[in-house]
Protein chains: 2
Amino acid sequence: MKHLKTLQCIDDVAGSGSIRRSAERLSITPSALTRRIQDFEAELGTPVFERMPQGMRLNAAGELVLRHIRAQLSDFERLRSQIADLSGVRRGHVTIATSQAFAHDLIPYEIAVYRAQHALVSFSVLVRDHIHAVEAVAAFEADVALVIAPPPAPEFQPLLVIHQPLCALMSKDHPLAAARTLRLREVLEYPIAMPGPSLAIRHLLQGAIVRAALPVNTVVESDSFEVLRSYAGGEQVISFQIRAGIPQASGNLVAREIDHRDLPMTQLVLGQLRGRSLSVAASKFVDQIAGSLHTRYGGGERPD
Amino acid sequence: MKHLKTLQCIDDVAGSGSIRRSAERLSITPSALTRRIQDFEAELGTPVFERMPQGMRLNAAGELVLRHIRAQLSDFERLRSQIADLSGVRRGHVTIATSQAFAHDLIPYEIAVYRAQHALVSFSVLVRDHIHAVEAVAAFEADVALVIAPPPAPEFQPLLVIHQPLCALMSKDHPLAAARTLRLREVLEYPIAMPGPSLAIRHLLQGAIVRAALPVNTVVESDSFEVLRSYAGGEQVISFQIRAGIPQASGNLVAREIDHRDLPMTQLVLGQLRGRSLSVAASKFVDQIAGSLHTRYGGGERPD
DNA sequence: TGCCGTGTTGCAATATGGTCAACGCAAGGC
DNA sequence: GCCTTGCGTTGACCATATTGCAACACGGCA
């Protein structure tokens with residue numbers, strides 16, 4: 001859109017930190033770009049960038065401007081979506097940032113269900129750890145985020161909170177597979193496929209293990225649930241996953257809840273940027289996920 | 001600002017309903033204006049106006065677009081205010097819509113106090129009845145509204161609610177001036193200067209009078225408190241006003257509360273458009289008014 | 001029918017924004 | 001110390017988009 005071009009330029013330069021790099025990406029010459037920015041700064045009455053020998057960096061005013069620009073751009077997208085909605089065609093795009101736990105099963109399933117009804121809506125899925133998922137939402141990179149135990153952040157507004165037990169994943173013929181729920185100390189008697197430090201449940205586990213002062217036999221540690229699942233399925237090794245992250249078709253894997261006395265319930269939070277209005281498509285998608293999680297795992301809280 | 005020009009054009013045309021009128025106001029030719037709008041519509045992929053023989057009218061998409069534009073424009077103003085705030089200069093503009101009751105004393109006083117500290121902030125005061133004040137806020141014409149008994153509207157977000165008694169206004173030597181509080185039936189034994197139907201307190205009075213089934217001797221009715229006050233001061237006539245609307249320097253007027261058994265407390269509400277972020281200047285002004293009303297009249301509720 | 005008003009269009013003038021080449025400057029390698 | 005390399009910026013020139021002017025097409029109205 002024409003009237004947003006300058007804003008997009010500034011956004012890009014702020015991101016790349018260099019006029020020349022941005023100029024290439026935007027396929028114009030650096031001189032044209034520098035003029036656009038100078039004109040904008042002149043109109044605004046304040047510089048927005050600091051010119052360093054290594055490139056451009058936003059100054060304090062620029063940070064405000066960038067926030068404004070991001071808001072404008074996403075607002076405009078929302079407008080388009082609303083207008084498309086008027087003509088009966090449910091059209092739009094939804095970007096969701098999610099914890100890896102849900103990347104395998106839950107999110108693809110929900111997207112498939114949604115797109116079965118609204119084929120003109122497209123999706124972007126960013127798989128991020130809980131910290132970066134919330135950051136993506138704050139930076140207008142994602143409309144919503146579905147994360148485990150998000151760090152407290154004032155700009156992150158929970159739309160749905162579900163408390164879930166952590167589960168131990170093991171093969172069907174594992175000695176512990178007979179029990180319905182497990183104590184942590186039972187589990188730790190066996191070799192463990194440990195989630196890596198970037199995964200939210202690692203911190204929860206770590207805390208419980210330290211509290212219980214139990215020794216751990218970690219045979220493999222990975223930041224990828226893919227890897228952890230494979231190990232738990234292949235060798236007689238135990239891994240962990242939050243309930244909603246357990247694949248429906250689990251092969252020869254079974255999941256057993258860890259007793260809540262050992263591990264507190266885990267928060268699964270679906271949230272957005274506070275104060276932002278979601279597009280029609282995104283808000284319908286949120287509704288669908290909320291309903292789906294609710295019927296599958298029971299009463300989540302819906303703040304708001 | 002360049003990148004907002006098209007948006008402002010659309011806003012103006014939507015308001016005037018005519019390309020030629022708007023073209024004159026914007027000091028460009030109608031042809032330039034019509035092309036701007038056509039280009040915008042082409043970029044958007046949808047017409048925004050309906051072309052009628054009598055002029056232009058927004059269609060459904062246009063209504064959405066207009067809301068978006070208003071939000072953009074006011075957002076940009078807020079951005080400028082925030083940036084000005086960065087450089088230490090508290091600069092900005094605040095538009096407040098207010099009931100007539102406060103136009104005489106309260107608002108001018110508060111503005112004076114505010115400007116004593118922040119001389120670079122300017123003000124617009126729109127005096128509107130409660131319905132139109134809320135509408136002005138919803139249409140981005142006013143940042144905040146201070147009104148009596150605002151109609152319930154989802155987009156109007158109260159920032160401060162104070163309950164106040166209605167008072168009878170009379171000259172110092174009126175027979176009823178001796179009492180501290182008055183029953184409605186005492187008051188109605190005397191001739192009344194009745195607030196006009198556009199004033200919020202008229203409805204409250206009317207309700208109470210009907211409930212009590214009392215006869216009223218209305219000698220003058222006016223939509224202007226100025227007129228009502230003069231009458232109450234001159235002849236031996238009683239008028240009405242909410243407590244916070246009573247002038248500090250009242251001349252030979254005195255105010256006596258009406259017993260709460262006869263007239264319920266009146267809501268005085270300071271509010272803004274829900275979901276909108278106020279400029280720095282506006283939000284400081286709100287804080288000041290809230291504090292001022294609080295210390296003068298005691299505990300108002302502050303939702304949120 | 002003739003006269004208003006409306007928005008729109010063709011064409012020429014103009015402003016806006018673009019490219020290209022050159023410049024000033026600071027940092028890093030030798 | 002000098003040279004190279006990267007950065008943003010500037011001046012001259014040019015293409016394109018935007019504007020103004022005049023003419024047009026259409027609907028309402030007397």
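Naming: A, B, ... by sequence-line order, numbering from 1 per chain.
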**Prompt:** With respect to B:Asp11, which candidate in B:Arg70, B:Lys5, B:Arg67, B:Arg25 satisfies the salt bridge (Lys or Arg N to Asp or Glu O under 4.0 Å) definition?
**Reply:** B:Arg70
**Message:** Between A:Asp39 and A:Arg36, does any side-chain N to carboxylate O distance fall below 4.0 Å?
**Reply:** no
**Asked** To the nearest angstrom, how far is B:Asp39 atom CG from C:dT9 atom C1'?
**Response** 13 Å
**Request:** Whole angstrom is fine here: how far is it from CG in B:Leu33 over to P in C:dT9?
**Result:** 14 Å
**Message:** Output the rounded distance in Å from CZ (A:Arg57) to P (D:dG8).
**Reply:** 14 Å
Pairwise N/O distances under 3.5 Å, protein to nucleotides 26-30 of chain C:
none

**Asked** With under 30° as parallel and over 60° as perpendicular, where do the rings of B:His130 and B:His203 fit, or are they tilted in between?
**Response** parallel
**Item:** Greater than 12 external heavy atoms within 6.0 Å of B:Arg57's CZ
**Value:** no
**Asked** About how many Å separate CZ of A:Phe123 and CG of A:Asp143, when rounded to the nearest 0.5 Å?
**Response** 10.0 Å
**Item:** Euclidean distance, atom CD of residue B:Glu41 to atom P of C:dG7 [Å, nearest integer]
**Value:** 13 Å
**Message:** Need to verify one output field. Residue with the more 5' nearest nucleotide on DNA chain D, B:Lys5 or A:Gln38?
**Reply:** A:Gln38
**Prompt:** What residues, two or more places apart in sequence or in another chain, satisfy salt bridge (Lys or Arg N to Asp or Glu O under 4.0 Å) together with B:Arg35?
**Reply:** none
**Prompt:** Among D:dT19, D:dG8, D:dT18, which is the nearest nucleotide to the side chain of A:Met56?
**Reply:** D:dG8
**Request:** Would you indicate which nucleotide in C:dA21, C:dG18, D:dG20 comes nearest to any side-chain atom of A:Arg35?
**Result:** C:dG18
**Request:** Give one of base, sugar-phosphate or nothing for B:Ala32, where a contact means two heavy atoms less than 4.0 Å apart.
**Result:** sugar-phosphate
**Complete:** Quick note, A:Lys2 side chain, CB onward, closest among C:dG7, D:dT18, D:dG20 is D:dT18
**Asked** Looking at CZ of A:Phe76 and CE of A:Met1, how far apart are the two atoms once the value is rounded to the nearest 0.5 Å?
**Response** 4.5 Å
**Message:** Can you tell me how far apart OG1 (A:Thr46) and CG (B:Leu86) are? Round to the nearest 0.5 Å.
**Reply:** 8.5 Å
**Prompt:** How many Å lie between NE2 on B:His3 and P on C:dT16, as a whole number?
**Reply:** 17 Å
**Lys/Arg N to Asp/Glu carboxylate O, B:Asp75 vs B:Arg78, below 4.0 Å** = yes
**Fill in**
Looking only at D:dG11, D:dG8, C:dT9, the nucleotide nearest the B:Ser31 side chain is C:dT9
**Asked** What residues in residues 11-28 of chain B put a non-hydrogen atom under 4.0 Å from any atom of DNA chain C?
**Response** B:Ser18, B:Ile19, B:Arg20
